Every structure is written in structure tokens, then in C-alpha cells.
*Asks:* 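Just dropping this structure here.
Because the structure is predicted, anything quoted here is derived from the model rather than measured. We count ligands from 1, going down the list as the structure has it; atoms in each ligand are counted the same way. Only this structure's heavy atoms are used, side chains among them; waters, hydrogens and symmetry mates stay out.
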Amino acid sequence: MASSSFFQASLSSNPHPFYRNPVPKHRPSSIVTCTSTGSNNNSPPPPHPAAAATRVRRAAEENIRDEARRHRPSDKGFSAKYVPFNAGFDSAESYSLDEIVYRSRSGGLLDVQHDMEALAKFDGAYWRRLFDSRVGKTTWPYGSGVWSKKEWVLPEIDDDDIVSAFEGNSNLFWAERFGKQFLGMNELWVKHCGISHTGSFKDLGMTVLVSQVNRLRKLKRPVVGVGCASTGDTSAALSAYCASAGIPSIVFLPANKISMAQLVQPIANGAFVLSIDTDFDGCMKLIREITAELPIYLANSLNSLRLEGQKTAAIEILQQFDWEVPDWVIVPGGNLGNIYAFYKGFKMCQELGLVDKIPRLVCAQAANANPLYLYYKSGWNEFNPVKANSTFASAIQIGDPVSIDRAVYALKQCDGIVEEATEEELMDAMAQADSTGMFICPHTGVALTALIKLRKSGVIGPSDRTVVVSTAHGLKFTQSKIDYHSKAIPEIECRFANPPVEVRANFGAVMDVLKDFLNKAPKSKA
Ligand SMILES: Cc1ncc(COP(=O)(O)O)c(C=O)c1O
Ligand SMILES: N[C@@H](CCOP(=O)(O)O)C(=O)O
């Protein structure tokens with residue numbers, strides 16, 4: 001990697017222009033202010049804000065943050081706090097979200113607990129309409145798929161403190177050809193979380209975490225920078241959001257274990273990048289030790305704030321199906337925060353009456369890094385971390401996942417399943433999916449392999465509505481595709497490789513190869 005002096009120099013503290021914009025001295029009267037969305041007593045919900053406001057163009061000297069200040073809804077008493085994960089009813093331990101705390105007193109995981117009573121004062125239909133009304137807008141901060149669910153994410157944060165790239169609202173597309181041709185399925189859907197600001201689902205959680213850090217710094221809490229260990233996607237998201245807010249970011253990367261496209265992201269965003277001669281689990285151990293010593297805020301999903309953003313992808317899926325619940329959702333798992341985040345998003349929708357059930361979840365692991373799979377196969381008998389071996393699904397090369405307890409809880413609650421994929425299976429699945437017009441990452445190949453196996457065994461039926469979560473953009477992992485299509489992977493047959501045909505610059509030679517190709521091509525149906 002390049003010399004560290006370059007990276008130190010790029011730790012700029014220039015604030016994002018958003019923070020430099022002064023609040024306008026006068027309030028232009030050209031905008032009709034939204035009416036309040038309700039009160040926290042038992043009165044019926046007021047008219048929906050989307051129906052109440054007729055908007056005209058914002059005055060030229062005003063930006064969307066200024067506008068949001070004037071539209072700020074009245075405080076409806078929503079709140080959230082940290083509690084020990086899966087604590088019993090008799091536990092009184094809790095922490096304000098403004099505290100810097102990652103673990104419970106007993107050393108266990110934490111969870112963000114919302115005041116469900118306050119949220120339940122509004123019925124499911126209210127929340128469905130509110131969330132639907134915010135899609136496709138540029139209103140601050142609701143234009144984000146995460147912050148459009150702000151009341152369920154970080155209800156108390158000031159809109160001014162939010163750092164957002166309007167992440168989320170990713171497409172959920174019908175994988176018609178892959179479903180029909182390879183699986184005999186009519187209802188296969190792909191939730192493309194990789195179509196995002198930094199190319200992975202990590203943006204969903206990072207906007208929440210960095211926004212809270214922004215708030216903590218304004219409250220003069222001792223946070224000099226934000227750090228993470230990463231297999232490439234968390235670091236990309238962290239560095240982008242921190243750069244946007246002018247907050248220093250520090251990333252610990254396992255040397256030579258992440259893709260070039262992932263590596264260049266924090267470098268370009270001015271993070272302080274440490275390339276460390278260990279694996280992800282080694283980096284994770286180090287960042288935990290370092291953040292216990294230095295005023296560096298921990299950004300990995302051990303920090304439960306992250307999962308509050310990630311859970312909105314589950315809510316989005318329901319929303320995109322018009323609040324109909326799919327039968328299955330398949331998620332590739334590594335550090336195992338995301339599988340719990342999906343469970344939590346679905347569960348909140350059920351508890352607050354937006355839907356009446358939740359889908360069954362499948363967590364898919366690479367066979368080379370499969371501690372959860374082994375645990376599941378033991379009948380949840382004994383968990384042992386593993387030494388994660390090299391895998392093309394490099395972002396999930398994790399042997400000692402920090403969120404193991406969260407994942408097991410989620411899977412048990414929804415009658416979930418864990419599957420695994422060998423290197424050949426995941427690469428073949430990726431190539432087959434790409435051949436139907438997708439361009440997926442190897443982790444999505446792991447998830448598709450799980451689906452293929454569960455279809456073959458009949459666990460997932462031909463008409464089951466199934467969502468595969470695509471966690472990153474394929475463009476971040478082009479080297480693995482190049483290796484596959486060049487048949488340059490010794491231990492893999494690369495059955496679906498499609499290497500370019502080398503041909504002389506000669507009309508006859510080109511005609512020959514084209515005729516040969518056209519003869520073999522499937523004929524279109526009359
Ligand atoms: C692309 C990609 N897919 C899947 C995962 C797994 O998510 P989790 O660590 O939350 O299990 C990660 C990160 O770990 C990732 O970067
Ligand atoms: N795939 C992750 C691994 C770390 O997971 P996290 O959710 O705990 O941050 C990455 O991209 O770094």
C-alpha cells in the first residue's frame with residue numbers, strides 16, 4: 001500500500017458545505033408548512049402530512065436543511081435507548097444513545113430498544129401511509145430510505161445532525177429469467193442493496209452511526225474519529241459518510257484480502273487506512289482494543305446503532321410488495337449483524353400492525369467461512385469460531401462473527417435456515433445469474449446457491465415468493481469474474497465461463513466465427 005504520509009495529509013477537517021450554510025435570518029413565506037403528524041396522547045391520528053401540504057418551490061437562498069427546520073414535526077414522544085440484547089423483563093440496565101457504550105455490563109451485546117408503546121399509538125395503516133408518502137422525494141431527511149423511517153430509527157436526533165446521501169430505496173426487481181430457467185420459480189425477487197452510494201448495504205447503517213457521531217461531537221463528547229475493521233464494504237461506507245461530515249475516519253483492513261475497488265474507496269475519501277498483516281477477525285480484535293483506549297468511536301456492527309439503519313431494508317421490501325409479506329428472504333452472512341437487522345425490521349412491522357406475519361429467513365455462508373452453518377448443523381448445540389479460509393466472497397471471510405447471538409436469536413424466532421456454498425457453487429451461481437442480465441457480487445452468489453439447494457430439496461416451493469438480498473454491487477468484485485471467465489481458477493471447472501473469442505482482423509475470419517455463433521444461438525420463439 002502507499003505511504004501513510006499521503007493518508008495523514010488527507011485527513012481533512014473541512015466541514016461539508018451543509019454545515020457551513022447559515023440559517024436564513026428571515027423565513028420565506030412561500031412554502032406552506034406541513035401540519036403536525038399527531039400528538040402522543042390517545043387522540044386519533046391527524047390528517048396525513050402528505051395530504052396536508054401543498055408545496056411550492058423553496059426560496060433561492062434556502063436549502064433543504066433550512067426547509068426541514070421549518071417543517072419540523074411536533075415531538076410525539078418517540079424515543080430509543082440501548083438495552084442488553086435479549087435481556088429479561090426484569091433487567092433495568094439501559095443507556096442513553098448519547099453514551100459511548102458497545103457492550104452491556106456483563107459483556108454481552110446491546111440492542112436499540114424503541115418505545116413501542118409510543119409508536120403503537122399510531123396504527124399500522126398510519127405508518128404504512130406515512131412511509132409510503134416519503135418515497136421518491138428530496139425532502140430532508142426523508143428522501144433517504146433510512147430516514148424516511150426516522151421515527152423507528154433514531155427518533156430523537158435533530159434533522160440538522162443527520163449525515164445522509166439519500167441511501168436506501170434500492171430496487172427490488174423480479175429476477176424473471178433466472179427464476180424460471182434455473183429454479184422453476186415465478187416469484188424470485190432480488191433486493192439490490194448494492195445499488196447504493198458506496199456500492200453496498202453498509203450505507204444503510206453508516207448514515208445512522210455517523211449521524212449520531214456528528215451529534216455526539218456537537219455535544220462535545222470525546223470522539224476524535226471513527227474507526228472500523230473491515231473486509232472492504234464497512235470501510236468504504238464509513239469513510240464516505242465521515243468525509244461528508246468532516247469527521248476523521250480510521251480503517252483497519254486485512255492486507256491483500258479485499259478487492260482493489262473496495263480498497264480505493266477509503267483512500268479516495270481521505271480515511272486513515274491501516275493495511276494490517278492479519279485477517280478480518282484479527283483486525284476486529286485490534287479495533288476493539290484500540291477503541292477501548294483511544295477516543296475513536298467504533299463503527300462495526302458490534303455497535304447496535306448500525307443495525308437500526310440496516311433494518312430499514314426489510315421494511316422497504318414489505319413496502320415494495322405493497323405490504324404483502326414474502327415467504328422467504330435469503331441474506332448472505334459474515335459478521336452476522338445484517339441477518340438480525342432484517343429480522344428486527346420485519347418484526348417491528350408485525351408488532352406495530354403494518355403486516356400480520358414475518359418471512360422465514362435463510363442465512364447463507366461461504367463453506368470456507370461457515371461458523372454459523374456448523375453451529376446450525378450441530379442443532380444449535382455448540383458454537384465454535386473457525387479460522388476463515390480464503391473465499392471469493394471475500395467480504396464474508398469471517399470466522400468469529402461478533403453478532404453470533406443476534407443471528408441465532410433471529411433465526412430461531414422465524415424458523416430460519418442456514419445454508420453454505422462452496423467456492424465452485426457460489427462462482428457458478430454468480431455466473432449463471434450474470435448470464436440472465438444481473439451483475440452480482442460473489443456474496444449474492446452464496447445466497448443464490450442457498451436458494452438453489454433449498455429449491456432442489458423442496459424446502460422452498462416453486463410458487464414461494466422469495467427475496468434474495470444482493471448485498472454489494474458486482475462492479476466491486478470484477479477480479480473474481482475475470483478469473484472465472486478466463487478459466488484461471490485451478491480448482492474450479494468454470495462451467496459457465498464466457499471468454500472472449502480472439503479473431504484476426506479479417507472479414508472472412510469474423511464471418512466464420514459469427515456464423516458458427518449464430519448457428520448455435522437459441523432460436524427466438526415465433
Ligand atoms: C457484500 C457483503 N455481503 C454480506 C456481508 C455480511 O453481512 P454481515 O456481516 O452483517 O453478516 C458483508 C459484510 O460482512 C458484505 O460486505
Ligand atoms: N463485510 C463487512 C465486515 C464487517 O462487518 P460489520 O457489519 O460488523 O461492520 C465489511 O465490509 O467490513
*Asks:* How far is atom 7 (O) of ligand 2 from its nearest protein heavy atom, and which residue and atom name does that atom have?
*Replies:* Arg306 NH2, 2.7 Å
*Asks:* Specify whether Tyr409 and Tyr343 have parallel, tilted or perpendicular ring planes, treating 30° as the upper limit for parallel and 60° as the lower limit for perpendicular.
*Replies:* perpendicular
*Asks:* So, is Asn335 polar-close to ligand 2, with some N/O to N/O distance under 3.5 Å?
*Replies:* yes
*Asks:* Could you tell me which atoms of ligand 2, counted from 1 in the order shown, lie closer than 4.0 angstrom to a heavy atom of Lys202?
*Replies:* 1 (N), 2 (C), 5 (O), 6 (P), 7 (O), 10 (C), 11 (O)
*Asks:* Please determine if Lys453 and Glu425 form a salt bridge, counting it only when a charged side-chain N lies under 4.0 Å from a carboxylate O.
*Replies:* yes
*Asks:* Would you mind checking which non-hydrogen protein atom is closest to atom 5 (C) of ligand 1, with the distance to 0.1 Å?
*Replies:* Ile396 CG2, 3.4 Å
*Asks:* Which heavy atom of the protein is the closest neighbour of atom 9 (O) of ligand 1, given with residue, atom name and distance?
*Replies:* Asn335 N, 2.7 Å
*Asks:* Need the ligand 2 atom indices (1-based, order shown) with element for anything under 4.0 Å from a heavy-atom of Ile398.
*Replies:* 3 (C)
*Asks:* Looking at atom 3 (N) of ligand 1, what's its closest protein heavy atom, distance included?
*Replies:* Thr471 OG1, 2.7 Å
*Asks:* Gln262: heavy atom below 4.0 Å from ligand 2, yes or no?
*Replies:* no
*Asks:* Give me the residue, atom name and distance of the protein heavy atom closest to atom 14 (O) of ligand 1.
*Replies:* Ala395 O, 3.4 Å
*Asks:* Looking at Lys487 and Glu493, is there a salt bridge between them, counting it only when a charged N and a carboxylate O are closer than 4.0 Å?
*Replies:* no
*Asks:* Would you kindly say whether Ser403 and Asn335 are connected by a side-chain donor-acceptor distance under 3.5 Å?
*Replies:* no
*Asks:* Name the closest protein heavy atom to atom 7 (O) of ligand 1, giving the residue it belongs to and the distance to 0.1 Å.
*Replies:* Phe201 CZ, 3.5 Å
*Asks:* Under 4.0 Å from a heavy atom of Gly337: give me the atoms of ligand 1 that qualify, with their elements.
*Replies:* 8 (P), 10 (O), 11 (O)
*Asks:* Side chains of Lys344 and Gln310: donor-acceptor distance under 3.5 Å anywhere?
*Replies:* no
*Asks:* For Ala395, is the nearest heavy atom under 4.0 Å from an atom of ligand 2?
*Replies:* yes
*Asks:* For atom 10 (O) of ligand 1, what's the nearest protein heavy-atom neighbour? Residue, atom name and distance, please.
*Replies:* Asn338 N, 2.8 Å
*Asks:* What atoms of ligand 1 come within less than 4.0 Å of a heavy atom belonging to His443?
*Replies:* 1 (C), 3 (N)
*Asks:* Nearest 0.5 angstrom please: Asp233 CG to Ile258 CD1, how far?
*Replies:* 8.5 Å
*Asks:* I need the Leu188 CG to Arg455 CZ distance, nearest 0.5 Å.
*Replies:* 10.5 Å
*Asks:* Enumerate the atoms of ligand 1 whose separation from the nearest heavy atom of Pro332 is less than 4.0 angstrom.
*Replies:* 4 (C), 6 (C)
*Asks:* Side chains of Gln319 and Lys149: any donor to acceptor distance under 3.5 Å?
*Replies:* yes
*Asks:* Taking 4.0 angstrom as the limit, do Glu324 and Arg465 come out as a salt bridge?
*Replies:* yes
*Asks:* For Ser230, counting its heavy atoms only, list the atoms of ligand 2 lying under 4.0 Å from any of them.
*Replies:* 10 (C), 11 (O), 12 (O)
*Asks:* I need the nearest protein heavy-atom contact for atom 8 (O) of ligand 2: residue, atom name and distance, please.
*Replies:* Ser301 OG, 2.6 Å
*Asks:* Give me the residue, atom name and distance of the protein heavy atom closest to atom 13 (C) of ligand 1.
*Replies:* Lys202 NZ, 3.0 Å
*Asks:* Need the ligand 1 atom indices (1-based, order shown) with element for anything under 4.0 Å from a heavy-atom of Ala472.
*Replies:* 1 (C)
*Asks:* Under 4.0 Å between a Lys/Arg side-chain N and an Asp/Glu carboxylate O for Arg360 and Asp327?
*Replies:* no
*Asks:* Just to confirm my output: which protein heavy-atom neighbour is closest to atom 3 (C) of ligand 2, and how far is it?
*Replies:* Thr231 OG1, 3.4 Å
*Asks:* Considering only NZ, NE, NH1 and NH2 on the basic side and carboxylate oxygens on the acidic side, decide whether Asp428 and Arg495 come within less than 4.0 Å.
*Replies:* yes
*Asks:* Looking at ligand 2, would Val402 count as a contact under a 4.0 Å heavy-atom criterion?
*Replies:* no
*Asks:* May I ask you to identify the nearest protein heavy atom to atom 8 (P) of ligand 1, giving residue, atom name and distance to one decimal place in Å?
*Replies:* Leu336 N, 3.4 Å
*Asks:* Would you please determine whether Cys441 falls within less than 4.0 Å of ligand 1 on a heavy-atom basis?
*Replies:* no
*Asks:* Would one find an N or O of Asp233, backbone or side chain, under 3.5 Å from an N or O of ligand 1?
*Replies:* yes
*Asks:* Mind checking whether Thr231 and Ile396 have side chains closer than 4.5 Å, heavy atoms only?
*Replies:* no
*Asks:* Any salt bridge between Asp279 and Lys257, counting N to O under 4.0 Å?
*Replies:* no
*Asks:* For Gly337, is the nearest heavy atom under 4.0 Å from an atom of ligand 2?
*Replies:* no
*Asks:* Would you mind checking which non-hydrogen protein atom is closest to atom 9 (O) of ligand 2, with the distance to 0.1 Å?
*Replies:* Thr234 OG1, 2.8 Å
*Asks:* Flag the pair Glu351 and Lys357 as a salt bridge only when some basic side-chain nitrogen lies within less than 4.0 angstrom of an acidic carboxylate oxygen.
*Replies:* no
*Asks:* Here's a test for you: under side chain to side chain contact (heavy atoms under 4.5 Å, CB included), which of Gln212, His114, Glu308 qualifies with Leu154?
*Replies:* Gln212
*Asks:* At the 4.0 Å heavy-atom cut-off, does Gly333 count as touching ligand 1?
*Replies:* yes
*Asks:* Applying ring pair (Phe, Tyr, Trp, His ring centres under 6.0 Å) between Trp189 and each of Phe173, Phe321, Trp328, report the one that passes.
*Replies:* Phe321
*Asks:* For ligand 2, which atoms sit closer than 4.0 Å to a heavy atom of Asp233?
*Replies:* 10 (C), 11 (O)
